[in-house]
Novice: 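One structure coming up, written as structure tokens, with questions to follow.
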Amino acid sequence: MQTQNRSKSDKRQTMSRMLAAAHQEFCNKGLAGGRIDEIARNAGVTKQLIFHYYGSKEGLFVAVLDETSDRLMTGWVDFDVEQLTPTQALRALLNHIFDQYRNDPLLARLAQEGVRYHDYNQTPRNRFLELAPALVDKVGGIVQRGIECRSFKPDTQPRLLLATAALIATGWFTNAYSASALVGLDTASEEGMETWRKHCADFILASIVATHGEEPRSARAN
């Protein structure tokens with residue numbers, strides 16, 4: 001039994017190294033430019049082992065997308081905001097989504113590459129699609145609390161809200177050239193990121209805040 005457990009642990013560690021090396025390679029060079037030779041070298045394994053586990057370079061790329069989606073989406077779903085007021089909770093969640101891209105400079109490149117891949121390919125597994133309903137439910141719960149306390153407009157739709165918020169927040173990183181030109185700030189600068197981070201949350205909240213009801217002043221924060 002100990003030998004079996006050690007073997008499973010060794011396999012997990014090996015696959016983790018391969019995914020980490022592939023993440024770096026695909027972020028830097030894209031799917032077309034990424035090289036299995038380089039990934040194998042950086043992971044300390046053979047090319048044959050990568051093909052054994054993932055079948056092909058595309059199979060490895062899809063695994064990287066799935067692992068990244070799982071990490072991001074799980075982080076968003078598990079982010080604890082239940083003790084906050086609806087307005088505070090939504091702002092905190094929007095900031096959290098923005099900060100995950102802010103803290104991982106390679107994430108935007110992988111997201112861009114993933115969008116291009118999914119535009120032209122269908123994969124049998126997709127963790128982003130599998131986990132999306134849980135995130136929609138989380139946002140839906142926040143929205144419902146906001147509607148019940150008359151902070152949010154009663155016709156607020158969680159799915160549209162979430163999609164809009166995610167595109168606005170991540171667009172600062174995935175469409176940096178246009179964002180920088182239009183806003184007049186370097187997207188990689190602290191000033192640029194702080195400005196857009198605040199603007200995103202303010203913009204989204206302004207679109208759903210009810211005009212006839214507000215949370216008490218003592219409940220407003222951040």
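Side chains included, hydrogens not; waters and symmetry mates left out as well; all remaining heavy atoms used.
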Novice: For the pair Arg116 and Glu113, find out whether any cationic side-chain nitrogen is under 4.0 Å from an anionic carboxylate oxygen.
Specialist: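 Result for this pair is yes, salt bridge flagged.
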Novice: Which residues pass the ring pair (Phe, Tyr, Trp, His ring centres under 6.0 Å) test with Phe26, sequence neighbours left out?
Specialist: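 Ring pair (Phe, Tyr, Trp, His ring centres under 6.0 Å) list for Phe26, sorted by chain: Phe61.
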Novice: Applying salt bridge (Lys or Arg N to Asp or Glu O under 4.0 Å), which residue pairs with at least one partner in residues 164-192 are found, sequence neighbours left out?
Specialist: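 Found Arg102-Glu190.
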Novice: According to salt bridge (charged side-chain N to carboxylate O under 4.0 Å, His left out), who are the partners of Asp137, at least two apart in sequence or on a separate chain?
Specialist: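 Residues passing salt bridge (charged side-chain N to carboxylate O under 4.0 Å, His left out) with Asp137: none at all.
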Novice: Taking only residues two or more places apart in sequence, or in another chain, which ones meet Ser180 in a side-chain contact (heavy atoms from CB on, under 4.5 Å)?
Specialist: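 Ser180: side-chain contact (heavy atoms from CB on, under 4.5 Å) contacts with Thr187.
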Novice: Hey, quick one: are Leu167 and Ile97 part of the same hydrophobic cluster, counting side-chain heavy atoms closer than 4.5 Å, chains of contacts allowed?
Specialist: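 In one cluster with Leu167: Ile97, no.
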Novice: The criterion is side-chain contact (heavy atoms from CB on, under 4.5 Å); which residues satisfy it with Gln83, sequence neighbours excluded?
Specialist: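 By the side-chain contact (heavy atoms from CB on, under 4.5 Å) rule, Gln83 matches Asp80.
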Novice: For Lys57, which residues count as a salt bridge (charged side-chain N to carboxylate O under 4.0 Å, His left out) partner, sequence neighbours excluded?
Specialist: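 Here no residue qualifies.
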Novice: Once side chain to side chain donor-acceptor pair (under 3.5 Å) is applied, what residue pairs with a partner in residues 154-176 remain, sequence neighbours excluded?
Specialist: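 Applying side chain to side chain donor-acceptor pair (under 3.5 Å) to every pair that reaches into residues 154-176, excluding sequence neighbours, yields Asn175-Ser178.
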Novice: Can you tell me how far the CZ atom of Arg145 sits from the CG atom of Leu90, to the nearest 0.5 Å?
Specialist: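 CG of Leu90 is found 10.0 Å from CZ of Arg145.
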Novice: Tell me every residue that passes ring pair (Phe, Tyr, Trp, His ring centres under 6.0 Å) with Phe203, counting only those two or more places apart in sequence or in another chain.
Specialist: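 For Phe203, the residues satisfying ring pair (Phe, Tyr, Trp, His ring centres under 6.0 Å) (neighbours in sequence not counted) are His199.
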Novice: Tell me every residue that passes side-chain contact (heavy atoms from CB on, under 4.5 Å) with Leu106, counting only those two or more places apart in sequence or in another chain.
Specialist: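 Residues passing side-chain contact (heavy atoms from CB on, under 4.5 Å) with Leu106: His23, Gln24, Cys27, Asn28, Asp104, Arg109.
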Novice: What distance do Ile50 atom CD1 and Ile36 atom CD1 have between them, rounded to the nearest 0.5 Å?
Specialist: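 Rounded to the nearest 0.5 Å, the CD1-CD1 separation comes out at 5.0 Å.
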Novice: As a quick check of understanding, evaluate salt bridge (Lys or Arg N to Asp or Glu O under 4.0 Å) for Glu130 and Arg127, giving each step before the final call.
Specialist: CA-CA 5 Å; Glu130 292 170 10; Arg127 289 294 287 162; 2.8 Å; yes
Novice: Check salt bridge (charged side-chain N to carboxylate O under 4.0 Å, His left out) between Arg35 and all other residues, then give those that pass, not counting sequence neighbours.
Specialist: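 Only Asp37 meet the salt bridge (charged side-chain N to carboxylate O under 4.0 Å, His left out) criterion with Arg35.
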Novice: As an exercise, state the distance from CZ of Phe51 to OG1 of Thr46, rounded to the nearest 0.5 Å.
Specialist: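 If I round to the nearest 0.5 Å, the distance is 10.0 Å.
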Novice: Is the number of heavy atoms from other residues, nucleotides or ligands within 6.0 Å of CZ (Phe128) greater than 12?
Specialist: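 No, not enclosed.
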Novice: Measuring from Leu160:CG to Ser207:OG, what's the distance to the nearest 0.5 Å?
Specialist: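 With rounding to 0.5 Å, CG (Leu160) is 10.5 Å from OG (Ser207).
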Novice: Apply side-chain contact (heavy atoms from CB on, under 4.5 Å) to Lys29 and list each qualifying residue two or more places apart in sequence or on a separate chain.
Specialist: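 Checked Lys29 against side-chain contact (heavy atoms from CB on, under 4.5 Å); matches are Glu25, Glu38.
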Novice: Return the CD to CG distance between Glu67 and Leu110, rounded to the nearest 0.5 Å.
Specialist: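 Reported to 0.5 Å precision, the distance equals 9.5 Å.
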Novice: Glu58: what forms a salt bridge (charged side-chain N to carboxylate O under 4.0 Å, His left out) with it, not counting sequence neighbours?
Specialist: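 Listed in chain order: nothing, the list is empty.
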